Amino acid sequence: MNNKHHGQLIEKIVRRNGHSITDIARLTHVNRRSVYNWFNQARLKPRTISCIGEAIQFDFTAMFPEFKEEMSNKKPKQIEHAADRIMDSESYHWKDKYIELLERHAKLLTQVSDR
């Protein structure tokens, strides 16, 4: 049985190639939380791996030979997500700013509560 952690392996490649979570979320048409969830999953569907690979232009078939046939036979479908919608670049800009502010706010709250 293969014990490799799919999410951790993919996250390592994503970060090594200089991609941000926001980039991956935007390119795969999901929210940032979904990307974090993928990175925490030990097993991912071949379709998800293919979609991430296409988004970052990386071939994961060598890392996941058990999925080679499934990933090469079909073009990756866009990952379906309830919150999917097409957004223009300005909308993404403001969405990213909002998320950044929320993360800073949460960090400040944590710092205040630790005192």
Side-chain angles (χ1 to χ4, degrees):
M1 180 158 183
N2 198 341
N3 291 329
K4 61 185 166 186
H5 192 287
H6 294 178
Q8 289 175 354
L9 291 171
I10 290 172
E11 180 179 15
K12 189 180 290 185
I13 295 298
V14 165
R15 293 191 188 278
R16 186 181 301 152
N17 289 316
H19 298 285
S20 70
I21 301 301
T22 302
D23 289 340
I24 301 303
R26 182 175 40 81
L27 292 169
T28 56
H29 305 286
V30 299
N31 61 40
R32 290 165 38 103
R33 182 77 257 154
S34 294
V35 176
Y36 284 113
N37 288 340
W38 289 339
F39 292 165
N40 287 323
Q41 289 182 14
R43 305 282 301 161
L44 290 169
K45 294 179 183 177
R47 183 171 79 168
T48 302
I49 297 169
S50 293
C51 189
I52 295 168
E54 186 166 290
I56 65 170
Q57 298 180 344
F58 186 87
D59 184 6
F60 283 109
T61 55
M63 291 180 82
F64 302 102
E66 67 272 23
F67 296 143
K68 187 173 185 170
E69 188 174 314
E70 292 177 70
M71 292 191 320
S72 61
N73 282 346
K74 333 176 197 175
K75 206 168 185 186
K77 296 178 184 175
Q78 187 175 1
I79 295 174
E80 297 169 15
H81 191 273
D84 280 354
R85 64 179 185 270
I86 298 172
M87 299 176 78
D88 60 12
S89 60
E90 185 177 351
S91 296
Y92 274 112
H93 170 77
W94 291 112
K95 178 182 172 186
D96 293 341
K97 289 284 186 186
Y98 177 73
I99 291 170
E100 181 184 336
L101 284 172
L102 285 175
E103 289 171 346
R104 287 173 49 198
H105 182 319
K107 185 177 179 180
L108 285 171
L109 288 175
T110 302
Q111 290 173 348
V112 169
S113 68
D114 288 344
R115 291 183 188 171

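Computed from a predicted structure; not experimentally measured.
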Euclidean distance, Ile10 CD1 relative to Ile52 CD1, rounded to 0.5 Å: 4.5 Å
Thr28, Ile24, Leu27 screened by side chain to side chain contact (heavy atoms under 4.5 Å, CB included) with Cys51, the one that passes: Thr28
Least distance between heavy atoms, Arg43 atom then Glu66 atom: NH1-OE2, 4.3 Å
Listed partners of Phe58 passing ring pair (Phe, Tyr, Trp, His ring centres under 6.0 Å), at least two apart: Phe60
Gap between atom CG of Leu44 and atom CG of Asn37 - 0.5 Å precision: 10.5 Å
With sequence neighbours excluded, residues passing ring pair (Phe, Tyr, Trp, His ring centres under 6.0 Å) with His6: Phe64, Phe67
Contacts of type side chain to side chain donor-acceptor pair (under 3.5 Å), residue Glu103, not counting sequence neighbours: Arg32
Polar side-chain atom of Ser50 near backbone of Pro46 as donor-acceptor pair, under 3.5 Å: yes
Ser34 and Asn31 side chains, donor-acceptor separation under 3.5 Å: yes
Set of residues satisfying salt bridge (charged side-chain N to carboxylate O under 4.0 Å, His left out) with respect to Arg15, sequence neighbours excluded: Glu11
Hydrophobic cluster partners of Ile99 (side-chain heavy atoms under 4.5 Å): none
Test log, rule side-chain contact (heavy atoms from CB on, under 4.5 Å), inputs Lys107 and Thr110: CA-CA 5 Å; Lys107 185 177 179 180; Thr110 302; 5.7 Å; no
Approximate separation, where rounding is to 0.5 Å, of Arg104 CZ and Leu102 CG: 11.0 Å
Min side-chain heavy-atom separation Ile13-Leu9 under 4.5 Å: no
Lys4 (side chain) donor-acceptor with Met63 (main chain) under 3.5 angstrom: yes
Nearest atoms (heavy-atom pairs only) where Ile21 meets Phe39: CD1-CE1, 3.3 Å
Close side-chain approach of Gln111 and Asp114, heavy atoms under 4.5 Å: no
Partners passing side chain to side chain donor-acceptor pair (under 3.5 Å) against Asn40 (at least two apart in sequence or in another chain): none
